Amino acid sequence: MNATHQYLFDAARAARLGDPPPPAPGTHDLAVLRAAWDRRRFARVLAGRPARGGLRTALSRAVLFGAGLFGASRSGPSRTALSRTAPSRTAPAPCRRPAD
């Protein structure tokens, strides 16, 4: 029995008893997903982590440290290779403290 069959049984039972019919399957799916996302963001804030960007951060960390996504081992650039790249043209020049 799938969700549609269960809904039809519940709707017939509600009509026989004079109760209001139940909501159709899938009516509140987006609200449930939104509540789950909000709960996850709230838990991240309570744990002291950023509320947004967790997936992107985890994927970039996996590539930086060579976690080997999709079965490839050390497919990403190493940390030393990233530190030797030339700065972008739009990035401001690094601030250097004068020597003491």
Side-chain angles (χ1 to χ4, degrees):
M1 179 180 335
N2 60 23
T4 304
H5 291 135
Q6 185 65 46
Y7 169 72
L8 292 174
F9 284 135
D10 291 341
R13 183 181 303 121
R16 189 177 69 235
L17 297 175
D19 294 336
T27 302
H28 302 291
D29 287 354
L30 289 178
V32 169
L33 282 175
R34 193 171 295 118
W37 288 330
D38 287 344
R39 175 67 182 163
R40 182 176 173 267
R41 289 180 64 201
F42 181 67
R44 289 181 64 85
V45 168
L46 287 181
R49 297 188 308 264
R52 300 189 65 157
L55 179 63
R56 182 175 294 159
T57 304
L59 288 175
S60 65
R61 187 179 304 128
V63 169
L64 284 177
F65 296 122
L69 298 175
F70 304 112
S73 62
R74 303 216 35 91
S75 59
S78 67
R79 293 175 72 190
T80 56
L82 289 178
S83 63
R84 291 187 206 144
T85 58
S88 67
R89 293 182 185 178
T90 59
C95 297
R96 293 198 170 92
R97 297 178 77 186
D100 290 329

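These numbers come from a predicted model, not from an experiment.
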For Leu8, the rest of its hydrophobic cluster, which grows through side-chain links under 4.5 angstrom
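Answer for Leu8: Tyr7.
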Considering only Ile, Leu, Val, Met, Phe, Trp and Tyr, and joining two whenever side-chain heavy atoms are under 4.5 Å apart, list the other residues clustered with Met1.
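When side chains under 4.5 Å apart are linked, the cluster holding Met1 also contains Phe9.
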Considering non-hydrogen atoms only, spot the tightest contact between Ala14 and Pro22 and give its length.
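Minimum heavy-atom contact is CB-CD, 4.4 Å.
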Please identify each residue that fulfils side-chain contact (heavy atoms from CB on, under 4.5 Å) with Pro21, with sequence neighbours left out.
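Testing Pro21 for side-chain contact (heavy atoms from CB on, under 4.5 Å), a comparison that skips the adjacent residues, returns none.
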For residues 28-45, run the donor-acceptor check on the side chains, cut-off 3.5 Å, and write out each pair with its distance to 0.1 Å, sequence neighbours left out.
from: Arg44; atom 1: NE; to: Pro50; atom 2: O; distance (Å): 2.8
from: Arg44; atom 1: NH2; to: Pro50; atom 2: O; distance (Å): 3.2

How would you list all residue pairs meeting salt bridge (Lys or Arg N to Asp or Glu O under 4.0 Å) that involve residues 3-28, not counting sequence neighbours?
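Applying salt bridge (Lys or Arg N to Asp or Glu O under 4.0 Å) to every pair that reaches into residues 3-28, excluding sequence neighbours, yields Asp10-Arg13.
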